[in-house]
Amino acid sequence: MDYFLDEEQSMIRDLARQIADDKVMPVRAELDEKEEFPWEIMKTLAQSDFFGIYVPEEYGGLGKGGFELALVIEELSRACLGVSTTYAANALGTYPILLYGSDEQKRKYLPGIASGEKLVAFGLTEANAGSDASGVQTTAKLEGSEYVLNGTKQWITNGGEAEIYTIIAMTDKAKGARGASAFIVEKGTPGLSFGKKENKLGIKASSTRELIFENCRVPRENLIGKQGMGFIIAMKTLDNSRTGVGAQGVGVAQGAFDAAAAYARERHQFGQPIISIQAVQHMLADMATGIEAARALVYSVARFIDSKVKDVSKESAMAKLFATDVAMKVTVDAVQVMGGAGYMKEYPVEKMMRDAKILQIYEGTNQIQRNVIGQAIIKESARL
Amino acid sequence: MDIIVCIKQVPDTAEIRINPETNTLMREGVPSIINPFDLHALEAALQIREQLGGRVTVLTMGPPQAEVSLREAVSMGADEAVLLSDRAFAGSDTWATSYTLARAIKKLGAHLIFCGKQAIDGDTAQVGPETAEFLDMPHISYIRKIEEVRDDYIRVERMMDDGYDVVESSLPVLLTVVRELNQPRMPSLKGKMAAKKAVIKKMGMADIDAREEDLGLRGSPTQVKNIFAPEIRAERRMIGGTAEEQVYTLIKELRESKCL
């Protein structure tokens with residue numbers, strides 16, 4: 001379907017597609033098998049200016065928005081979710097600086113992020129904090145001109161590979177969620193180390209590690225926004241990044257659908273290609289319909305967010321929830337359409353099915369998304 | 001360092017189909033691309049610019065629509081683009097093309113000139129070396145590696161059938177490159193935006209001080225009499241038996257046929 005992209009948006013999508021086809025597809029199985037971080041692809045994306053898509057021009061970016069970012073994420077995800085997770089986590093880690101950083105912080109960090117010279121990671125999740133973001137136990141204590149961080153962040157995408165980390169830590173535990181603050185921590189800061197690389201079901205090309213803070217001292221200027229704003233910064237960051245996860249869902253679903261449809265044309269049973277069997281056709285029809293609906297929702301919400309409306313929690317949760325549930329269903333069905341071939345590593349869909357599962361879990365489980373939508377409904381209904 | 005990269009717009013042969021009735025190429029609707037070898041030439045030039053500074057100019061001779069290929073080269077990082085286009089150039093063979101390119105290069109001036117080793121539509125591999133001859137300049141063909149480059153000196157590896165030569169040259173020099181040299185970069189988004197706005201410099205017969213009789217069809221000594229696919233007449237036979245028996249038979253037969 002035509003979503004009426006303007007000339008620059010088409011250009012961004014086309015180049016992202018070219019990189020996905022030429023640079024990602026040929027290596028995705030190997031990256032998955034070896035659990036290898038996709039540095040070469042990240043370098044290509046950097047050289048082609050993709051890390052600066054959503055960064056303002058004054059900081060070396062292209063000054064585009066979440067919609068253009070979603071187009072890129074979708075194309076990369078069509079080829080490999082491990083690669084797109086690595087890329088998208090960069091935006092997730094950058095939003096706190098972009099949304100709440102001081103001019104000085106923006107001048108210091110955004111140019112290196114936009115050029116792709118420095119990868120970024122976002123550190124919120126802990127052993128006892130994930131869906132419940134207020135359960136953060138990592139602390140940051142102000143001592144003179146420095147904050148001293150202690151605690152462990154868990155399952156951090158780009159952990160160890162990123163140069164810049166945006167971290168949520170408690171500056172005042174007694175205040176609960178209102179006692180959280182956000183910080184910028186650079187790799188190499190004494191007291192910051194990394195735990196082992198996690199062994200995951202999917203998105204194996206992406207790096208997932210613990211961040212361990214032991215008396216890690218960062219200058220006071222590295223506080224993002226004001227003390228106590230950490231929880232709001234985290235929530236607004238997630239509001240912005242969720243459409244990116246939705247775009248990942250659309251992309252991986254499209255990739256799986258394309259593989260399944262192509263296979264169904266070639267595979268013959270009962271003297272005919274299986275695509276002419278109605279049972280298969282109906283599966284493909286449901287898959288295609290789900291994907292188009294998800295894409296329409298993700299694009300609409302991304303454009304809605306870019307229009308700078310104030311509260312986007314409900315809509316962004318809907319986009320993430322719907323598109324990633326579609327992704328899970330479509331990737332499972334793609335394996336089913338392809339039968340034994342789909343189950344084999346010679347074809348890409350078993351990987352897509354493994355990869356897709358994380359989309360229903362990270363950046364807020366889909367159950368949490370329903371909570372967010374539910375709370376918005378309660379608020380709206382009270383206004384009636 | 002001023003570097004000129006000669007590129008050619010060619011039909012994407014991967015997309016070409018053959019008309020089964022006439023056995024001729026169906027060029028209609030076939031997308032045009034930059035000759036793949038020329039992308040390696042451009043990449044080499046861009047890398048040298050990154051190392052030594054300077055400017056990279058892409059040059060092509062062709063019809064007005066060749067501008068698309070020049071813009072693509074700009075999106076990859078070329079600083080300037082020049083389109084050599086004139087009715088007088090139409091029908092050029094490799095001789096007339098080389099003469100025309102050489103006249104333009106003389107006007108533009110450069111320390112290094114890069115070409116792909118050949119174009120995938122004509123496959124002659126003549127234009128690079130002939131251009132150097134017209135410029136009265138040394139050339140090194142089939143470059144697979146640039147070992148060292150300075151403002152007045154270059155040392156490269158030239159690919160040969162049985163290995164490679166190391167060749168040194170002073171500048172200016174013209175180099176033709178093979179795929180092994182490098183991996184051409186992807187265009188960048190900023191490059192693509194710049195390419196859209198880039199001013200393509202146009203040069204015609206009057207701008208390059210060329211003699212009209214040396215241009216286009218008139219300046220082309222090549223006469224194409226017939227084009228055909230060569231028939232393969234070689235006899236083939238499989239030698240059977242164990243490895244030793246096979247070697248024995250092979251040596252015996254080679255001796256009998258006076259090959260050994």
Side-chain angles (χ1 to χ4, degrees), chain A residues 5-27 38-65 67-73 75-76 79 83 87 91 111 113-117, chain B residues 5 7 9-10 12-15 30-51 53 56 58 67-79 81 120 179-200:
Chain A
L5 305 187
D6 67 26
E7 201 185 346
E8 290 193 339
Q9 288 162 346
S10 304
M11 196 179 81
I12 288 167
R13 183 199 53 195
D14 293 349
L15 187 54
R17 184 172 292 175
Q18 195 186 342
I19 290 174
D21 288 347
D22 296 355
K23 304 284 179 188
V24 183
M25 278 193 191
V27 297
W39 270 119
E40 275 307 309
I41 296 165
M42 291 305 124
K43 279 182 198 155
T44 302
L45 290 169
Q47 205 171 38
S48 297
D49 303 323
F50 280 98
F51 284 103
I53 292 261
Y54 55 94
V55 175
E57 284 174 284
E58 54 183 311
Y59 303 112
L62 292 169
K64 303 290 173 190
F67 177 58
E68 287 80 3
L69 179 64
L71 293 174
V72 177
I73 292 173
E75 289 304 325
L76 295 177
V83 167
Y87 172 75
I113 293 171
S115 69
E117 190 191 324
Chain B
V5 182
I7 68 170
Q9 188 181 49
V10 296
D12 187 351
T13 48
E15 303 282 328
V30 175
S32 292
I33 56 169
I34 295 178
N35 177 42
F37 293 107
D38 303 348
L39 291 176
H40 296 268
L42 177 58
E43 177 63 35
L46 295 172
Q47 285 181 15
I48 291 174
R49 182 190 65 187
E50 278 156 16
Q51 188 192 333
V56 172
V58 279
E67 196 180 308
V68 177
S69 290
L70 289 173
R71 289 192 191 276
E72 197 184 326
V74 171
S75 78
M76 288 172 67
D79 301 291
I120 56 168
R179 286 181 200 273
E180 288 77 1
L181 178 63
N182 54 38
Q183 190 64 46
R185 68 193 61 191
M186 287 278 176
S188 69
L189 291 171
K190 284 180 188 168
K192 277 186 164 259
M193 288 172 190
K196 240 181 12 184
K197 295 182 208 135
V199 179
I200 307 289

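Just so we're on the same page: letters track the sequence lines, and every chain starts at 1.
- Residue A:K43 does not touch chain B at all, counting heavy-atom pairs closer than 4.5 Å.
- Of the listed residues (A:T44, A:L45, A:L15), the greatest number of heavy-atom pairs within a distance under 4.5 Å of chain B belongs to A:L15.
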Does the side-chain contact (heavy atoms from CB on, under 4.5 Å) test come out yes or no for A:I12 and B:K192, once each step is laid out? CA-CA 9 Å; A:I12 288 167; B:K192 277 186 164 259; over 6 Å; no

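- Among B:R185, B:M76, B:M186, the single residue meeting the side-chain contact (heavy atoms from CB on, under 4.5 Å) criterion with A:S48 is B:M186.
- Between the CD atom of A:Q47 and the CG atom of B:L189 there is a distance of 12.0 Å, given to the nearest 0.5 Å.
- For chain A, the option among B:S188, B:P187, B:G191 with the highest count of heavy-atom pairs below 4.5 Å is B:S188.
- At a threshold of 4.5 Å between non-hydrogen side-chain atoms, the residues B:K196 and A:E7 count as touching.
- Looking at A:I19, both its backbone and its side chain come within 4.5 Å of chain B, counting heavy atoms on both sides.
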